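One structure is given below, encoded as structure tokens.
Chain letters run A, B, ... following the sequence lines, proteins first, then strands; residues in each count from 1. This one's a predicted model, so the numbers in the text were calculated from it and none came from an experiment.
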There are 2 protein chains.
Amino acid sequence: MTTIKDIARLSGYSIGTVSRVINHRQDVSEEARQIIEKVIEDENFQPNSNAKMLKQTITSNIAVLVKGTQNVFLEGILERMQEYLRTFGEYVSVSFLDEFTNEVETAAQICSERNPKGIIFLGGNLHFFEEGFSRITVPSVLVTETAAGLGFDNLSSFTTDDSEAAGMAVDYLIRRGHTHIGIIGGSASGEKGEVGTRRLQGAVKRLKESGIPFDQDKQFCSCRFAMKDGYDAAVRMLKKDQEITGIFALSDTVAVGVLRALRDRDIRIPEDISLIGYDGIEHVKYTIPRLATVKQDRDALAKKAVDDLLLRINYSRSAVHGTVPFRVLAGESIADLNKH
Amino acid sequence: MTTIKDIARLSGYSIGTVSRVINHRQDVSEEARQIIEKVIEDENFQPNSNAKMLKQTITSNIAVLVKGTQNVFLEGILERMQEYLRTFGEYVSVSFLDEFTNEVETAAQICSERNPKGIIFLGGNLHFFEEGFSRITVPSVLVTETAAGLGFDNLSSFTTDDSEAAGMAVDYLIRRGHTHIGIIGGSASGEKGEVGTRRLQGAVKRLKESGIPFDQDKQFCSCRFAMKDGYDAAVRMLKKDQEITGIFALSDTVAVGVLRALRDRDIRIPEDISLIGYDGIEHVKYTIPRLATVKQDRDALAKKAVDDLLLRINYSRSAVHGTVPFRVLAGESIADLNKH
DNA sequence: AACGTTTTTGGAAACGTTTACAGTCATATT
DNA sequence: AATATGACTGTAAACGTTTCCAAAAACGTT
């Protein structure tokens with residue numbers, strides 16, 4: 001392994017000067033820079049990151065915790081983030097957590113074991129943050145939830161305005177004459193600080209505002225955000241309520257399951273029941289019928305979160321909380337009842 | 001930050017002894033161990049990983065390179081691997097690469113920058129390995145391709161027997177009376193050392209053996225492994241050849257695109273054209289109709305690769321090459337022409 | 001009691017960097 | 001000519017561990 005010492009010897013300069021060249025400092029003569037850079041090039045020298053980090057007491061890692069496995073939506077954000085971070089020369093260390101694992105607990109553990117310089121939470125349960133985030137001291141960012149109300153100074157958050165967006169989703173149904181709407185997805189307990197709950201509340205709020213009756217016991221079926229669970233929940237919903245003409249699935253993955261469940265019961269979409277999803281994964285363009293959905297801006301989510309985190313890692317800044325735009329995508333899964 | 005020095009001071013022992021306790025060595029008295037462990041506990045001390053690694057000249061990272069973005073199949077393997085590795089206390093640093101990026105080149109770069117103790121390639125192009133893998137010296141494993149023929153002693157590989165499995169896929173069609181079969185997916189160039197190419201060859205071989213005519217120019221449409229590309233390729237195929245009764249899509253994602261393309265042209269599946277995919281992602285159970293496919297054993301792939309890599313990291317062993325079982329899944333997308 | 005063994009311990013060097021500090025040298029200023 | 005200034009460079013001390021080596025302690029054997 002070639003070290004800075006070898007470069008010093010080979011170039012005839014001291015290790016101090018070599019170090020200065022490596023770190024692009026100004027106080028080095030042009031001549032020294034040239035010579036040393038040549039030697040570095042020739043020797044194919046790479047500074048040992050451990051030594052560097054030891055001295056600087058940081059690691060060059062950013063830890064990413066993805067809440068939920070097989071979550072196409074979050075994985076899409078992860079990919080975008082990784083790609084974007086790479087342009088800064090930053091790498092991510094990824095952990096996928098199932099939905100029951102406490103991500104804050106896990107993050108704390110990762111911090112002590114690996115000492116990352118920043119943490120990105122892709123999804124998460126606000127409850128866990130409220131309870132235990134004070135133990136985490138590195139700059140962090142939570143994506144897909146808002147931590148504005150928690151008041152941690154090292155935790156930023158970026159999300160779609162879920163409540164508003166969910167409202168737009170049901171609004172889309174309402175405008176097309178649907179007055180009996182079912183909602184599928186979200187945590188069983190209606191737990192506070194959970195994505196599904198916020199979307200549910202936004203939807204219910206809009207229903208109320210529009211004067212549409214909604215009986216949560218009969219018209220809501222909770223389920224995890226997976227195709228299978230969407231399928232099962234749809235089956236339950238059909239048993240509970242036969243009058244529904246429109247369904248809002250709280251995630252596209254759930255919607256795919258719903259689609260299949262309705263089909264298996266020979267319920268036509270959109271002729272018999274209309275369906276709108278949430279997230280805007282690629283897949284909605286290829287379902288039969290194409291799925292209407294609310295598309296979150298994953299690029300913006302990824303970019304904003306990374307920009308903010310990097311800024312806060314390098315300069316001590318306060319956390320910020322932001323939202324990104326969304327769009328309702330039409331699809332073919334919604335019937336306009338007004339046209340009858 | 002509490003350091004080993006603090007623990008030494010607080011416990012009344014020397015740094016050396018504390019270090020020995022931390023590393024669970026035998027040559028420490030029971031008494032010392034107890035006392036020191038108590039102090040460590042009380043102080044909530046975590047050894048600085050950078051210092052540790054500096055001394056041991058390794059990092060505790062395993063680098064994973066995922067070839068291809070938005071690849072549900074590989075991401076599923078990634079999740080399984082990460083989860084399994086975590087049980088060993090190992091973490092992964094992930095990079096997603098688009099299909100054009102040279103993963104071996106990238107790995108070499110990552111090695112010099114971050115010095116991982118092992119590398120996992122999820123997908124990859126054999127050509128790149130043949131050309132440049134000799135530069136990589138850490139234990140590595142390639143999943144989804146076989147590197148048996150390359151003869152690198154530090155590169156294991158695990159894969160499904162793609163050729164055989166693809167053969168089974170077309171066989172499934174052939175047995176149901178299909179004699180005019182189209183194949184969609186795989187690299188444009190029919191490039192050597194590419195997943196699609198191997199599957200294509202396996203399929204063509206089986207067609208030949210069964211005495212089914214196959215004109216690669218007319219009955220094969222190459223495309224990238226994405227839904228959109230599957231859609232477009234299906235459109236091309238329909239223009240080129242009107243007589244096809246069965247299609248083998250070289251990945252499930254492609255199949256989903258094909259499904260949608262056929263539907264848009266009012267071609268019924270399986271009545272007009274039958275379709276079988278490859279990979280066995282969750283999704284195939286929720287398409288309309290449910291998609292027949294060849295299911296690769298992702299659990300086995302993940303587990304074998306990790307087991308082997310960990311073994312080779314800790315003991316110097318030669319690389320091995322293995323395959324995992326596969327299964328043809330029936331679905332609803334295939335018509336039995338014999339029944340007419 | 002004197003000696004060997006074995007077990008346990010402390011001291012100190014090493015790992016490869018960064019950086020504060022002090023030094024050298026040329027040039028400009030008086 | 002003496003001095004101040006500034007640009008550059010080298011030296012050495014850190015950073016928090018691990019581990020080699022030798023010292024000390026404990027024990028058993030003669």
Worksheet item: With a 3.5 Å cut-off and no angle check, do the side chains of B/Asp153 and B/Ser318 form a donor-acceptor pair?
Response: yes
Worksheet item: Under a 4.0 Å N-O cut-off, is there an ion pair linking A/Asp299 with A/Lys303?
Response: no
Worksheet entry | Residue list, side-chain contact (heavy atoms from CB on, under 4.5 Å) with B/Ala51, at least two apart or on another chain | A/Leu54, B/Asn48
Discussion item. Output the rounded distance in Å from CD1 (A/Ile22) to P (C/dT17).
Written reply: 7 Å
Worksheet entry | Over 12 foreign heavy atoms within 6.0 Å of CD, B/Glu37 | yes
Worksheet item: Within this structure, what is the NZ-to-C1' distance between A/Lys55 and D/dT17, rounded to whole angstrom?
Response: 14 Å
Worksheet item: Can you find a side-chain donor-acceptor pair between A/Thr160 and A/Gln296 that sits under 3.5 Å?
Response: yes
Item to complete: Please check if any side-chain donor atom of B/Glu30 sits under 3.5 Å from a side-chain acceptor atom of B/Gln34, or the reverse.
Response: yes
Worksheet item: Are more than 12 heavy atoms from other residues, nucleotides or ligands located less than 6.0 Å from atom CD of A/Glu83?
Response: no
Worksheet, complete the sentence: B/Asn48 CG to C/dG16 P, in whole Å, measures 17 Å
Worksheet item: For A/Phe133 and A/Phe121, what are the C-alpha separation, side-chain angles and deciding distance, and is it a side-chain contact (heavy atoms from CB on, under 4.5 Å)?
Response: CA-CA 12 Å; A/Phe133 188 79; A/Phe121 294 93; 4.0 Å; yes
Worksheet item: Any side-chain heavy-atom pair from B/Glu75 and A/Leu78 closer than 4.5 angstrom?
Response: no
Item to complete: Remember a base hit wins even if backbone is also touched, and classify B/Ser19 as base, sugar-phosphate or nothing at under 4.0 Å, heavy atoms.
Response: base
Discussion item. Without decimals, in angstroms, what is the distance between A/Lys5 NZ and C/dT18 P?
Written reply: 14 Å
Fill in: Presence of B/Asn50 side-chain N/O under 4.0 Å of D/dT17 phosphate oxygens OP1/OP2
no
Please write out each protein N/O paired with an N/O of nucleotides 7-11 of chain C under 3.5 Å, distance rounded to 0.1 Å.
| from | atom 1 | to | atom 2 | distance (Å) |
| --- | --- | --- | --- | --- |
| C/dT8 | O3' | B/Ser29 | OG | 3.4 |
| C/dT9 | OP1 | B/Ser29 | OG | 2.9 |
| C/dT9 | OP2 | B/Ser29 | N | 3.0 |
| C/dT9 | OP2 | B/Ser29 | OG | 3.3 |
| C/dG10 | OP2 | B/Ser14 | N | 2.8 |
| C/dG10 | OP2 | B/Ser14 | OG | 3.1 |
| C/dG10 | OP2 | B/Thr17 | OG1 | 2.9 |
| C/dG10 | N7 | B/Arg20 | NH2 | 3.0 |
| C/dG10 | O6 | B/Arg20 | NH1 | 3.4 |

Worksheet, complete the sentence: Rounded to whole Å, NZ of A/Lys52 lies from P of D/dG16 at a distance of 18 Å
Practice prompt. Name the pairing partner of D/dT30, where a pair is Watson-Crick or G-U wobble with both distances under 3.5 Å, or state none.
Written response: C/dA1
Report, one pair per line, the protein and nucleotides 22-27 of chain D atoms (nitrogen or oxygen only) whose separation is under 3.5 Å.
none

Worksheet item: To the nearest angstrom, how far is A/Ile4 atom CD1 from C/dT19 atom P?
Response: 11 Å
